[in-house]
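Have a look at the structure below, then the notes.
Computed from a predicted model, the values in this text were never measured in an experiment. The sequence lines fix the lettering, A, B, ..., with proteins before strands; numbering per chain opens at 1. Hydrogens, waters and symmetry mates are skipped; everything else that's a heavy atom, side chains included, is used.
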Amino acid sequence: MEARFLLGFLLLLSLSSFAFAIYEDQVGLADWHKRYIGKVKHAVFHTQKTGRRRVVVSTEENAIASLDLRTGDILWRHVLGKNDAVDQIGLSLGKYVLTLSSQGSVLRAWNLPDGQMVWETDLQISNPSNSFLHVLGNVKSGRDSLSLVCNGGSIRAVSSIDGLVVWKKDLSIDGLKLKHVFQPPESDTIYAIGFIDSSLIALYHINAKTGELLKHATQASSVDLSSEISAISSDSLVALDTSRSNLLLIKFMAGTITNHKLPLSDIVQDFSGLAELIPTKSNDIFVVKTPSNVAFIKVKGDNEIELIGKADEAGIVSDSLTLSEEEQAFAVVHHSNNAISFQVRINGREALTEGIKIEDHRGHVKRVFLNNYVRTDKSHGFRALIVMEDESLLLMQQGEVVWSREDGLASISDAVVAELPVEKEGGVSVVEVEHTLLEWLKGHMLKLKGTLMLSTPDDMAAIQAMHLKSTERNKMTRDHNGFRKLIIVLTRSGKVYALHTGDGRIVWAHLLTPLLQSESCPSPSVLTLRNWRVPHRKALQENPSILLVGRCGAGPESHGFLFIVDSYSGKVLETQILDHSIAEVVPLPLADSSEQKLHLVIDHKLNAHLYPRGSDALEVFVREMANMYYYKVENAKEDIKGYAFKKGCSTGSSAYCFGTRELWSVVFPSDSERIVATARRKINEVVHTQAKIMTNQDVMYKYISKKILFVATVSPKAAGGIGSAAPDDAWLVAYLIDTVTGRILHRVTHQEAQGPVHAVVSENWVVYHYFNLRAHRYEMTVIEIYDQSRADNKDVMKLVLGKHNLTAPITSYSRPEIATKSQSYFFTHSVKAIAVTTTARGITSKQILIGTIGDQVLALDKRYLDPRRTANPSQEEKEEGIIPLTDTLPIIPQSYVTHTRQVGDLRGIMSFPANLESTTHVFSYGIDLFYTRIAPSRTYDSLTDEFSYVLLLITVVVLIVAILVTWAMSQKKDLQEKWR
Amino acid sequence: MERSSALIGSIFLLISISCLINPISAAASGSGEGYSIAGRVKLDNFVTKGFGLGHSPKLSETKVILNGGQRTTFVRPDGYFSFHDVPAGTHLIEVSSIGYLFSPVRVDISARNPGKIQAALTENRRALNELVLEPMKDEQYYEIREPFSMLSLVKSPIGLMIGFMVLVMFVFPKMMDGVDPEEMRQAQEQMREHGIPSISNLVAGRS
């Protein structure tokens, strides 16, 4: 009776806790979070004397951020929407950051210290185009200052305090493009200069306070004007012509415009090719960059110019920096091998040259931003922010790199997992053991204090620090549980990083594309990466390696290349420029004798090329060729085609090249359906059991096929985003297609539903997320597929005696009867990415990982997406764990795997198994990276880190003492009994 | 699917009617056919407790998202936000603020009645008179450690073990008192024969 009571009590305990939830002091125990900003495109320095030195940057990931200049840490960061690219940033009133975005139509002001948005103004620009922002320094109406936004032929003056448009001037001239606005000091008139259709120069005088047009003049230009200009003084500017070989000096004094053509070859002796103007601010100096050198040119008097300095090698030049009225500084950066030469030129003269060594995996310099500071002896010191080819950001000062940020990691495009090296056998010293034992005991005492809620804040900090520097998790070797692994990621710039799962540090990084750059491969870009060799049985002495595949040019016909990289060290083992193009890489479930995985590279002519090249690989493939299939989804043509392989290809006679033969095609009617999403099972997913016992002791057999493809189509009218379609015009059709035979296993239409569709396929089910227009809510549907042809195998005795057809091979050609079960639920949030947990043996129950619109990752139990849920489950069903049906999927805050962190601009979630069956790794990436380990059914196969060994020890001691005491007592009692 | 659609349909009708009663004023802006949606996010009524070490939910981190990511805006210090140049139709506004759960809001901009905007929370189908968005609840991302109590210690497996031991040590002998002395003697004799007093024997003897 007691035992039953105890069991019930334990059951109650286990039910009351969630599958995944962590305590606050467990943050950082298994997870790490890294924040990045992306490739910097603008930078504005703010060096207020009192405050912290900071720089405000905007990036190509549409982020704006304020960085600490001393450490490179992010003080604050905001990620704007996808279509809200930042055009320009500026500072206003010394306390606001202004950002102009969405092609000049949105102006926002952010509070500089904390990043709070102060105001936002929609400028209501009818035809967004290249715009620019000009912050007026000295128009002061009260404490306000104005910012001008010029877009084509219109100017808007915006108050910096509240963002209200003070005045608006539409010059309403066709083809007018304003190029420059400036204001002479102590004047209320602003001058706006623009070009009309690249042949006329126009000048406008505008009252800065009212926007009233005071005067205007136009003048025909002697050359065709390009869009590049450089303002050189209060009354003149320089423009380039469209041939990029002539300069035009434009002066506009007293309301008249004069222009003067100056061929570049007159100024720069060995000029050839196309020139580029570097924007400057004033002081009669401008900079022209030509392919061979950088020229600093000064304007003297009337139409006379003089070359005042020349930097010989073509380098990267920064914008000008005004030191004083007389002095203009530029930074010129050259890159050679693994060093940067950093040169500062003041008025064209060399002022400072520093050589700085940098790691060669960063590539070339892409951009440089110069800033100065005043030293204690009142001289100027310089620092520069440098953006490298791999999108990393460096701060350079006094000949060294002060800090660097790996912002390339903000643009991950693909990721795979690799193992770490096996630990070498070696002796462990006694001292070490004693030391670790002491540390271990200390740690557990602290933890015990934590559990008993007796710890002081200091202890809490100690616990946190202990978690972070725990040496066990950061070792560079494989561990028994499979917690330590390498995540190898590919970024947009083509750089490959290996990240350690322990703390997210970069183990190695390589920028591979420069290795290839040559005549035969003009602009290499890496497309994808795959595991190439995962040694486990035969080739254990070989290191695992990674395959990287890319294209030499932009078009789909350009030649491909491949790299094979050692995943322990990042060393390139093999480089190959291919003689064919690359459309897709298909990994095969086959390996050759040295455990290299077989891959088929499909080119744009639908020929398949087998890699690795080797006779045994060929033999293995040819043996299995009849069982190999390939399918292709053509989004543009709205069809899916399936292919088989045949010997001999159309382009060459190589033995490794195979042709394809079309087997089937599914064509969707283009007037009513458009493919919006496809999903398939992971090829390495493990399924533990194919039978499912129902509540009534029935057995259902899962239809488990690796060849299931989920396709979602929507009506063409609903192909746009939410808000663009009426419910009656929208429908969504979900298909399950067998990719071997092209058979449509299941088809379901959701009326009044539309995309975006996010789907995940695993085992015998698919879960997809879409928008229900009628209810105006998101919905998630689950479809489970069961094999009916095996349904009569219900007799357990038969199963035991082997009299069943379960061992018959599953083949797509046998066309088994299938049955589907399906259910739909509402879901609160928009979804950015969806994935499913995978474990080593597939026993642990699954969780669906949902990347929500708030950039968090939610782990939702598959039990909630079970078609067998009913409103009133019976007692048996309850015991089986079926949850009563609700119309909405619950969002339990404790099941956010990212807890209080956000993965900015979340793009992907990846789950990969640990060796421990209960545990899975979750890696999510966007601008930020977040990694953690979760146990969907709790860690049933190991003691958690929380387990209190000390408490156990104390209990054992207490028990022993109690036994001794009771024994002594019973002895005594016995004796008394005998005396009686 | 089909099961719930009828229900949803009828509720949808209800929303439409209630929305008609409570129209929200909106500004039709000058450029083109676009309208402006302006509203306010209110967090002040919610006091978060134990949110995290050194984290406090900030208005500056609050984003307002239109139609699942088509456009994103941020809220001003006073909580106001706006979208401009939004075409007529039915739209969805979501608020992302760490620490809070907001219901998405359905916003209808009428094409026939320019500038007329109606809004309703999609989660509980409540119509909004004005576009003031308040969190449905605050979100606690961490398990709360229960304060140290005897109960939690007793509930732990080790506590249960000790508890059971204590039970056996002190309660069972008490139970024994009610036993017939004859039977008791018999049992004790049995015990002496076997040498060791065994709990299992006692329990077996009882039941």
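With a 4.5 Å cut-off on side-chain heavy atoms, S102(A) and R71(B) do not count as touching. Looking only at side-chain heavy atoms (C-beta outward), I98(B) and Q856(A) come within less than 4.5 Å of each other. The closest side-chain heavy-atom distance from F771(A) to L92(B) is below 4.5 Å. Between T122(B) and Y778(A) there is no side-chain heavy-atom pair separated by less than 4.5 Å. Side chains of E123(B) and R777(A) form a contact here, defined as non-hydrogen atoms less than 4.5 Å apart. Looking at heavy atoms from C-beta onward, T828(A) lies out of side-chain contact with M136(B) at the 4.5 angstrom threshold.
Distance CD/Q116(A) to CD/E61(B): 9.5 Å, rounded to 0.5 Å. The distance from atom OG1 of T900(A) to atom CD of Q140(B), rounded to the nearest 0.5 Å, is 11.0 Å. Taken to the nearest 0.5 Å, the OG1 atom of T72(B) stands 7.0 Å off from the CD1 atom of I853(A). The line from CD of E120(A) to OH of Y80(B) is 15.5 Å long, rounded to the nearest 0.5 Å.
Neither the backbone nor the side chain of W76(A) comes within contact range of chain B; no heavy atom of the residue lies under 4.5 Å from a heavy atom of that chain. Residue A726(A): no heavy atom, backbone or side chain, is found under 4.5 Å from chain B. For D855(A), the part lying under 4.5 angstrom from a heavy atom of chain B is the side chain only. The contact between E94(B) and chain A is made entirely by side chain atoms (from C-beta outward), counting heavy-atom distances below 4.5 Å.
Results of the side-chain contact (heavy atoms from CB on, under 4.5 Å) test with I722(A) over N67(B), T90(B), L66(B) single out N67(B) as the only residue that passes.
Note on ring orientation: taking the six-membered ring where Trp is involved, the planes of Y142(B) and H899(A) are tilted (angle from 30° to 60°).
The closest donor-acceptor contact from the side chain of H776(A) to the backbone of V105(B) lies at 3.5 Å or more, if one exists at all.
The choice from L101(B), D78(B), V75(B) that makes the most heavy-atom pairs within less than 4.5 Å of chain A is V75(B). Of the residues considered (V79(A), T888(A), D84(A), L80(A)), V79(A) shows the highest number of contacts with chain B, using heavy-atom pairs under 4.5 Å. The greatest number of non-hydrogen atom pairs below 4.5 Å with chain A, out of P77(B), P104(B), G69(B), is found for P77(B). Highest contact tally toward chain A, considering only F102(B), F81(B), F74(B), is held by F74(B) [criterion: heavy-atom pairs under 4.5 Å].
Of all non-hydrogen atoms in G68(B) and S830(A), the two that sit nearest each other are CA-OG, 3.5 Å. Nearest heavy atom pair, residue S96(B) against residue G854(A), reads OG-CA, 3.4 Å.
With no hydrogens or angles considered, no side-chain donor-acceptor pair links T898(A) and Y141(B) at under 3.5 Å.
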